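In what follows, a structure is listed as structure tokens, so that the remarks can point back to it.
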Amino acid sequence: MLPSFYDNWKHVFKLDPERPIDDATLDAICTSGTDAILVGGSSGVTFDNTVDLMARIRRYEVPCAFELSDPACGVPGFDGYFIPSVINTKHTEWLIGHHVEALRDFGHLLPWDLITGEAYLVLNPESTVAKVSRAETNISNEEAIAYSQVADRLWNVPVLYVEYSGVFGDMALLKSIKSGLKQAHLFYGGGISSPELAAQAAASADTVVVGNIIYENLDAALATVNAVNLAIKEQDHVF
Ligand code: 1GP
């Protein structure tokens with residue numbers, strides 16, 4: 001498999017184009033030592049607010065990728081693009097339907113070398129992404145693991161994203177999901193509001209995604225960067 005732009009990401013800050021962020025906060029985030037900035041949101045993302053945010057992030061050296069969920073927001077100039085699908089929904093437009101329409105109309109324009117498919121397992125029923133995609137979040141751990149393995153082993157998705165957006169997830173389940181993967185790179189996001197929680201997620205996920213806390217408690221958000229790096233060093237030391 002070719003190396004991918006996200007292979008070495010341990011910690012990522014996720015910024016929502018719809019949410020205002022002042023220059024000082026953006027500066028702190030972009031110079032924090034995080035491995036990348038991921039731009040994306042479940043609602044209110046437009047071409048204009050994405051361009052605005054990307055242009056501001058581009059003043060920094062930190063890599064910057066975009067979760068492209070609407071072709072109308074296909075802003076060029078990111079280092080990489082993730083195209084998400086929700087795997088635990090019965091409403092197939094979120095699994096494949098929108099994607100087919102987008103590729104039919106825009107596939108010839110896409111920078112394929114920079115694009116990665118991203119399979120979302122959405123597990124917080126209160127999150128916007130769960131509501132929009134009508135994800136089936138009330139599933140057993142065995143089903144969650146099975147969904148992950150369908151994505152990883154049958155479909156060979158490059159990235160599996162365990163998404164608890166807004167709440168901290170079940171770390172025992174995350175660990176079981178990780179141990180059942182054959183090849184997918186595992187993202188975890190949701191409710192990381194302290195260095196301790198970031199370290200717990202880093203014990204299983206390949207990449208830890210920190211979002212909301214940026215807008216609520218910048219110091220706590222910044223502290224997650226070192227926490228993830230330290231947790232990984234400790235794991236390497238132990239094993
Ligand atoms: C959201 O997974 C990310 O898509 C991060 O979640 O906002 O809860 O940190 P939080």
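As the structure is a computational prediction, the values presented were derived from the model and not from experiment. One-based numbering, in listed order, for ligands and for the atoms of each.
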**Asked** Are any side-chain N or O atoms of Thr34 and backbone N or O atoms of Cys30, one a donor and one an acceptor, separated by less than 3.5 Å?
**Response**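 Not confirmed, Thr34 side chain does not pair with Cys30 backbone.
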**Prompt:** Between Gln183 (side chain) and Pro158 (backbone), is there a donor-acceptor pair under 3.5 Å?
**Reply:**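 Looks like no, no N/O pair under 3.5 Å.
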**Asked** With side chains defined as the heavy atoms from C-beta onward, is the minimum distance between Glu143 and Glu136 less than 4.5 Å?
**Response**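 When only atoms from C-beta onward are counted, Glu136 and Glu143 do not touch, as no gap falls below 4.5 Å.
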**Prompt:** Strictly by modelled atom types, are Tyr6 and Asp35 linked by a side-chain donor-acceptor pair under 3.5 Å?
**Reply:**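 Side chains of Tyr6 and Asp35: no pair found under 3.5 Å.
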**Asked** Using the benzene-type ring in the case of Trp, are the ring centres of Phe82 and Phe187 under 6.0 Å apart?
**Response**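 Judged by ring-centre distance (under 6.0 Å), Phe82 and Phe187 do meet the cut-off.
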**Prompt:** In terms of side-chain geometry, is the basic nitrogen of Arg59 or Asp27 positioned less than 4.0 Å from the acidic oxygen of its partner?
**Reply:**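 Salt bridge absent between Arg59 and Asp27.
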Between ligand 1 and the protein, tabulate every N or O atom pair separated by less than 3.5 Å, reporting distance only.
| from | atom 1 | to | atom 2 | distance (Å) |
| --- | --- | --- | --- | --- |
| ligand 1 | 2 (O) | Tyr161 | OH | 2.7 |
| ligand 1 | 2 (O) | Glu163 | OE1 | 2.7 |
| ligand 1 | 2 (O) | Glu163 | OE2 | 3.4 |
| ligand 1 | 4 (O) | Lys14 | NZ | 2.8 |
| ligand 1 | 4 (O) | Glu163 | OE2 | 2.5 |
| ligand 1 | 6 (O) | Gly190 | N | 3.4 |
| ligand 1 | 7 (O) | Asn212 | N | 2.8 |
| ligand 1 | 8 (O) | Gly166 | N | 2.8 |
| ligand 1 | 8 (O) | Gly191 | N | 2.8 |
| ligand 1 | 9 (O) | Gly211 | N | 3.0 |
| ligand 1 | 9 (O) | Asn212 | N | 3.3 |

